[in-house]
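Have a look at the structure below, then the notes.
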Protein chains: 2
Amino acid sequence: MNLIILSKNDFIEGTEQVSIQDYRLEHIINVNKSSVGDGLRVGLVNGNIGNGMITRIEENKVEMNVVLDRKPPAPLQLTLIFAMVRPRVFKRVITQVSAMGIKKIIVINSYRVEKSFWKSPVLGKKSLNKYLITGLEQGQDTIVPDVLVRPLFKPFVEDELPDIIKGTEPFVAHPYTSEPCPYNIGSPVTLAIGPEGGFIPYEVEKLIECGFTAVHLGERTLHVESVISGLVLRLM
Amino acid sequence: MNLIILSKNDFIEGTEQVSIQDYRLEHIINVNKSSVGDGLRVGLVNGNIGNGMITRIEENKVEMNVVLDRKPPAPLQLTLIFAMVRPRVFKRVITQVSAMGIKKIIVINSYRVEKSFWKSPVLGKKSLNKYLITGLEQGQDTIVPDVLVRPLFKPFVEDELPDIIKGTEPFVAHPYTSEPCPYNIGSPVTLAIGPEGGFIPYEVEKLIECGFTAVHLGERTLHVESVISGLVLRLM
């Protein structure tokens with residue numbers, strides 16, 4: 001946790017004082033090993049970043065005096081679309097993506113996605129929010145990404161995707177193309193990443209029809225987490 | 001497992017027939033759900049890649065007729081140096097790095113590395129080899145990377161590093177520099193990545209003295225796995 005994220009509810013009404021009682025308390029005491037008078041990086045969810053000065057530590061709460069005087073980092077101008085992954089992997093991917101500063105995330109279906117994945121509690125609103133906040137705590141950001149979940153491929157691509165890609169360069173990661181992924185695009189990007197084994201030809205065709213360019217990352221088959229951070233940091 | 005990696009011991013002497021009995025047997029039966037007559041991608045450790053045709057399946061072994069007629073993918077012209085990480089993370093990192101096609105890996109110390117990490121069994125020869133092979137199975141490659149373990153920072157940087165970086169462009173990932181990481185270097189690279197929290201100023205100075213350029217990946221603090229794949233796929 002590189003940034004402690006505060007919500008409006010943490011503030012003692014009418015003051016710049018916060019009182020923290022949950023996992024953040026534990027982190028401040030056991031990981032940061034902070035004492036009264038120490039400063040910590042804090043940020044208000046969807047708001048500014050700044051510093052918190054610890055004014056009191058009790059067994060079940062920490063109080064800080066908070067100054068929020070800096071804007072969070074600029075959002076990455078990239079919309080990420082990825083095929084639903086195994087729930088255990090999903091947690092790591094969504095946290096990583098949130099840490100990277102991606103603010104528009106769309107989880108879609110593909111022929112090769114196991115149907116059972118869609119029933120996983122990881123897609124519930126509360127779980128999702130927890131993973132996104134963990135990512136922001138890692139990346140030192142406060143703006144919670146928007147996550148859309150679209151379990152039907154065709155209607156999503158036909159009805160919603162054309163508007164989503166407007167004003168962006170759309171790429172789809174596809175191992176079976178001759179075009180290597182370009183570098184440093186310099187404009188907003190939409191990036192689509194398939195499941196293990198890739199999108200099937202029908203799906204790639206639908207995306208190309210919609211305006212996407214298929215690009216590859218080399219001969220090797222990489223894990224979804226490597227593919228996402230590799231493509232994002234190469235394109236942006 | 002996208003490629004089944006064979007060793008010389010798997011071959012029935014004097015034939016092109018292999019007999020497999022370990023975790024690969026389980027994978028072929030339970031994950032691939034293969035039958036007699038099916039073809040599978042195989043590769044000989046440190047050798048060629050090709051196809052295996054299943055000739056017999058028994059409860060405790062699978063036999064294949066193997067043709068190894070293609071070279072493995074070209075190695076990535078990148079030497080990766082990273083500060084030792086938490087053992088649980090190390091397994092994932094070393095597997096990922098092997099999957100990416102990096103063949104020279106050096107695990108080093110840094111002031112911010114917890115001393116206990118060096119005692120972990122993950123650094124044992126057998127464990128290391130297992131993670132490297134898992135990476136090759138993922139990335140569809142056969143060439144086992146070389147891993148050097150160097151638990152003393154200063155002698156490594158002073159005595160060994162100058163030779164290691166010869167003929168390469170050396171970069172060190174460092175959040176506190178104004179220079180963004182460049183793209184698509186087009187020549188061999190040496191890349192050094194610090195621990196959580198980064199190298200300390202003394203260490204960065206030693207690396208710069210040795211010829212390294214300090215580069216950053218943006219304002220956000222990313223997890224070591226994202227940093228590695230992001231930097232590698234951006235530089236190469």
Side-chain angles (χ1 to χ4, degrees), chain A residues 1-3 31-32 41 49 70-76 78 89 92-93 95-102 134-143 173 175 180-186 196-198 215-236, chain B residues 1-3 31-32 41 49 70-76 78 89 92-93 95-102 134-143 173 175 180-186 196-198 215-236:
Chain A
M1 200 190 297
N2 300 308
L3 182 81
V31 182
N32 295 335
R41 272 172 296 196
I49 279 177
R70 283 168 283 143
K71 288 207 182 314
L76 219 57
L78 184 140
V89 177
R92 286 212 302 269
V93 168
T95 302
Q96 173 200 29
V97 164
S98 173
M100 297 182 83
I102 297 170
T134 303
L136 297 176
E137 288 168 345
Q138 161 78 32
Q140 304 193 51
D141 194 351
T142 64
I143 311 299
C181 176
Y183 298 82
N184 195 11
I185 284 297
E196 284 232 30
V215 295
H216 73 80
L217 266 181
E219 286 176 79
R220 293 180 178 82
T221 310
L222 302 180
H223 198 270
V224 59
E225 291 163 276
S226 304
V227 171
I228 291 177
S229 48
L231 282 169
V232 169
L233 290 164
R234 177 153 158 170
L235 288 163
M236 303 304 288
Chain B
M1 202 189 299
N2 300 308
L3 182 81
V31 182
N32 294 335
R41 272 173 296 197
I49 279 176
R70 282 167 284 142
K71 288 209 180 316
L76 220 56
L78 184 139
V89 177
R92 287 211 304 270
V93 168
T95 303
Q96 173 201 29
V97 165
S98 173
M100 296 182 84
I102 296 168
T134 303
L136 297 176
E137 289 167 344
Q138 161 78 30
Q140 303 192 51
D141 194 349
T142 64
I143 311 298
C181 176
Y183 298 82
N184 195 12
I185 285 297
E196 284 230 32
V215 296
H216 74 80
L217 266 180
E219 286 175 81
R220 291 179 178 84
T221 310
L222 301 180
H223 198 270
V224 60
E225 291 162 277
S226 304
V227 171
I228 291 177
S229 48
L231 281 169
V232 170
L233 290 163
R234 177 153 157 172
L235 287 164
M236 302 306 286

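In what follows, every chain begins at residue 1, and chains take the letters A, B, ... in the order their sequences are listed.
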Practice problem: Would you give the length of the straight line joining atom CG of A/Leu233 to atom CG of B/Leu233, rounded to the nearest 0.5 angstrom? | Solution: 9.0 Å

Quiz item: Nearest heavy-atom pair of B/Arg234 and A/Met236: which atoms, and what distance?
Solution: NH1-O, 3.7 Å

Exercise. Using side-chain contact (heavy atoms from CB on, under 4.5 Å) as the criterion, list what pairs up with A/Pro182, not counting sequence neighbours.
Key: A/Phe171, A/Ile185, A/Val215, A/Leu235

Practice problem: Could you look at A/Gln96 and say if it's the side chain, the backbone, both or neither that has a heavy atom under 4.5 Å from chain B? | Solution: side chain

Quiz item: For A/Asn184, is it the side chain, the backbone, both or neither that has a heavy atom under 4.5 Å from a heavy atom of chain B?
Solution: both

Self-check item: From A/Glu196 atom CD to B/Gln138 atom CD, the distance as rounded to the nearest 0.5 Å
Solution: 6.0 Å

Quiz item: Does any non-hydrogen side-chain atom of B/Glu225 lie less than 4.5 Å from one of A/Ser229?
Solution: no

Practice problem: Please round to the nearest 0.5 Å and tell me the distance separating atom CZ of B/Arg220 and atom CG of A/Asn2. | Solution: 13.0 Å

Self-check item: Flag side-chain contact, heavy atom, 4.5 Å: B/Gln140 against A/Glu219
Solution: no

Quiz item: Is it the case that more than 12 heavy atoms not belonging to A/Arg92 sit under 6.0 Å from its CZ atom?
Solution: yes

